[in-house]
Amino acid sequence: MKTIGYAAQSATSKLAPFHFERRAPRATDVAIEILYCGVCHSDLHAARNDWGGSVYPCVPGHEIVGRVTAIGADVTRHAVGDHVAVGCLVDSCLQCDQCHHDEEQYCRHGYTGTYNSPDRINGENTLGGYARHIVVREAFVLRLDNRLDLARTGPLLCAGITSYSPLRRWNAGPGSRVGVAGLGGLGHMAVKLAAAMGAHVTVLSRTADKLADALALGADELLVSGDTEAMAKAANRFDLIIDTVPVKHDINPYLPLLDIDGTLVIVGQVGTLPEPSTVPMIFGRRRIAGSLIGGIAETQEMLDFCARKNIHPDVEMIRMDQINEAFERMERADVRYRFVIDMASLPAPQAG
């Protein structure tokens, strides 16, 4: 299948049009015309090789919404014409204990990412959703309820599930007290989801200028992390803090905010952090944890929850040729709160 996308050819090059071929659908594959793709901070990191290991050409994109155009002979869950979604995973071994527990993101043999991963069968580097078409194993293609707005659903496949999974794991709900550090793509979804689950939600922000936004998203209050007196008064206030800050930062000010047995879950920064103090952990039986997206079953659960509760990310629609500007704006946190690419803005693939 000939298609077109946008690719980075090196860690220093801008994304530019890239013509390539998708594999022919295998017996268990679904071929999809991509309608929309969200823009994740991970896309920027991968394109620039910030984490190491990027393979070029790199076609990012793992927040995919599209329409089924063809199915393999053994496909039973999807039909041509269905609206479907693809998130951060396109394959795993499906045999290990973690896969059997519906946690393919922790596959013992390593999951196959939607981009920048070796295909489990042919070994070729996977190319992501900044393209007109994609071919994905049926087990990793998600159903979309018709109550979801297709143009705004994409970011749920990464920002949504990355926030939803720790909220479910640590039992956010009525009576629980949840703090959300950072109010970007991840943070604004954590606020919406925690509020919809019935938790009391507080946004942790360095200044008070995001108060109106926090309340509009469903938060009950905002705590200014730069206000020493307010932070001291907030000791033991939270059962759970979802830390969505995507850059290196000091987590020590957050730890005393947790109640006994409270948990700080890091979902933003990938890499090192300044040295944490063990004092608040030991004297309050507090925990620091991490969380990585969610498995396919949990992602489907999240999509269905969002459909029932009418939860969508706040997005800004862009054309594919605006992606480099979008990356620059994302680095400046100049987006409320997620970019989505309209793939109708891509030209048709070259024939022949």
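Following chains of ILVMFWY side-chain contacts shorter than 4.5 Å, one can reach I32 starting from L303, so the two form part of one hydrophobic cluster. In the hydrophobic clustering of ILVMFWY residues, with side-chain heavy atoms under 4.5 Å counting as a link, Y254 and V201 come out apart. Hydrophobic clustering keeps V178 apart from I251 (ILVMFWY residues linked when any side-chain heavy atoms are closer than 4.5 Å, directly or through intermediates).
The heavy-atom pair separating M1 from V135 by the smallest distance is CE-CG2, 4.4 Å. Residues A46 and S54 come closest through the heavy atom pair O-OG, 2.6 Å. Contact detail for G154 and V65: the closest heavy-atom pair is N-CG2, 3.7 Å. Looking at every heavy atom in both residues, M231 comes nearest to L223 through SD-CD2, 3.8 Å. Nearest heavy-atom pair, N125 versus S117, reported as atom, atom and distance to 0.1 Å: OD1-N, 3.2 Å. Taking each heavy atom of D43 and G61 in turn, the nearest pair found is OD1-N, 3.5 Å.
One N or O on the side chain of D227 and one on the backbone of A230 form a donor-acceptor pair closer than 3.5 Å. The main-chain N or O of L222 is never found under 3.5 Å from a side-chain atom of T202 such that the two would form a donor-acceptor pair. At distances below 3.5 Å, at least one donor-acceptor pair connects side-chain atoms of S13 with backbone N or O atoms of S10. A donor-acceptor pair under 3.5 Å links the side-chain atoms of H312 to the main chain of D149, judged by distance alone. The closest donor-acceptor contact from the side chain of Q269 to the backbone of T272 lies under 3.5 Å. Proximity of a side-chain donor or acceptor of D91 to a complementary backbone N or O of T112 within less than 3.5 Å is not detected. The backbone N or O of G295 lies less than 3.5 Å from no partner atom in the side chain of D102, so there is not a single donor-acceptor pair. Without hydrogens or angle criteria, S225 side chain to L204 main chain gives no donor-acceptor distance under 3.5 Å. Under a 3.5 Å cut-off, the side chain of T244 and the backbone N or O of G182 do form a donor-acceptor pair.
Remark: of the listed residues H83, H78, R77, H78 is the sole one forming a side-chain contact (heavy atoms from CB on, under 4.5 Å) with R143. No option in Y130, F140, Y115 other than Y115 meets the ring pair (Phe, Tyr, Trp, His ring centres under 6.0 Å) test with H62. Exactly one residue among L156, I64, T153, I296 makes a side-chain contact (heavy atoms from CB on, under 4.5 Å) with L142. That residue is I296.
No side-chain heavy atom of Y106 sits under 4.5 Å from any side-chain heavy atom of C96. Between L292 and Y111 there is a side-chain heavy-atom pair separated by less than 4.5 Å. Using a 4.5 Å heavy-atom cutoff, the side chains of L89 and Q105 are in contact. With a 4.5 Å cut-off on side-chain heavy atoms, V30 and P25 do not count as touching. A 4.5 Å side-chain heavy-atom check between L144 and L150 finds at least one atom pair inside the cut-off. Residues C99 and H109 form no side-chain contact, since every pair of their non-hydrogen atoms from C-beta on lies 4.5 Å or further apart. Contact check for M317 versus Y36: side-chain heavy atoms found under the 4.5 Å cut-off. Counting heavy atoms from C-beta on, the side chains of P155 and V39 never come closer than 4.5 Å.
Rounded to the nearest 0.5 Å, atoms NE2 (H45) and CG (N116) are 13.5 Å apart. Atom OH of Y6 sits about 9.5 Å away from atom CD1 of I323, to the nearest 0.5 Å. In this structure, OG on S291 lies 11.0 Å from CD1 on I266, to the nearest 0.5 angstrom. With values rounded to the nearest 0.5 angstrom, C58 atom SG is found 9.0 Å from N49 atom CG. Rounding to the nearest 0.5 Å places CH2 of W170 at 13.5 Å from OG of S176. The CE atom of M197 sits 10.0 Å away from the CG atom of N171 when rounded to the nearest 0.5 Å.
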_Under the criterion side chain to side chain contact (heavy atoms under 4.5 Å, CB included), I'd like the reasoning laid out for L255 against I241: C-alpha separation, chi angles, the key distance, then a yes or no._
CA-CA 9 Å; L255 296 178; I241 296 175; over 6 Å; no
*Between Y337 and D213, does a side-chain hydrogen bond (donor to acceptor under 3.5 Å, both in side chains) hold up when you go through it step by step?*
CA-CA 11 Å; Y337 282 94; D213 283 357; 3.1 Å; yes
*Which is it for I242 and L167 under the side chain to side chain contact (heavy atoms under 4.5 Å, CB included) test, yes or no, and what are the steps along the way?*
CA-CA 8 Å; I242 306 295; L167 289 169; 4.1 Å; yes
*Please test Q98 against S92 for side chain to side chain contact (heavy atoms under 4.5 Å, CB included), starting from the C-alpha separation and ending with a verdict.*
CA-CA 10 Å; Q98 291 305 113; S92 70; over 6 Å; no
_Derivation and outcome, side chain to side chain contact (heavy atoms under 4.5 Å, CB included), residues T69 and E33_ = CA-CA 6 Å; T69 58; E33 176 191 7; 3.7 Å; yes
*Test side-chain hydrogen bond (donor to acceptor under 3.5 Å, both in side chains) applied to R287 and T263, step by step*: CA-CA 5 Å; R287 292 179 290 271; T263 305; 3.2 Å; yes
*For salt bridge (charged side-chain N to carboxylate O under 4.0 Å, His left out), just list the numbers for R319 and E325, CA-CA rounded to whole Å, side-chain angles, deciding distance to a tenth of an Å, and then say yes or no.*
CA-CA 11 Å; R319 301 186 312 273; E325 177 188 350; over 6 Å; no
*For E124 and R23, run salt bridge (charged side-chain N to carboxylate O under 4.0 Å, His left out): C-alpha distance rounded to whole Å, both residues' side-chain angles, the deciding distance at 0.1 Å, then the answer.*
CA-CA 10 Å; E124 293 179 356; R23 69 170 185 262; over 6 Å; no
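Between R137 and D29 there is no salt bridge, since no side-chain nitrogen of the basic residue lies less than 4.0 Å from a carboxylate oxygen of the acidic one. By the 4.0 Å N-to-carboxylate-O rule, R286 lies too far from D261 to be salt-bridged with it. Of the charged side-chain nitrogens involved, none lies within less than 4.0 Å of a carboxylate oxygen, so that E103 and R108 do not count as a salt-bridged pair. Under the 4.0 Å criterion applied to side-chain N and carboxylate O atoms, R152 and E316 are not assigned as salt-bridge partners.
Relative orientation of the F18 and F20 rings is parallel, given thresholds of 30° and 60° on the angle between their planes.
R26 CZ: more than 12 foreign heavy atoms inside a 6.0 Å radius. Surrounding CZ of R336 are more than 12 heavy atoms belonging to other residues, nucleotides or ligands, all under 6.0 Å away. Residue R169 qualifies as open at atom CZ: its count of foreign heavy atoms under 6.0 Å is 12 or below. Around CZ of R147, the count of heavy atoms belonging to other residues, nucleotides or ligands within 6.0 Å exceeds 12.
One side chain, D304 or Q300, offers a donor N or O that lies under 3.5 Å from an acceptor on the other. In the model, T3 has no side-chain atom that pairs as donor or acceptor with a side-chain atom of R132 under 3.5 Å. Side-chain contact check for E298 and S165: at least one donor-acceptor pair (N or O, by modelled atom type) lies under 3.5 Å.
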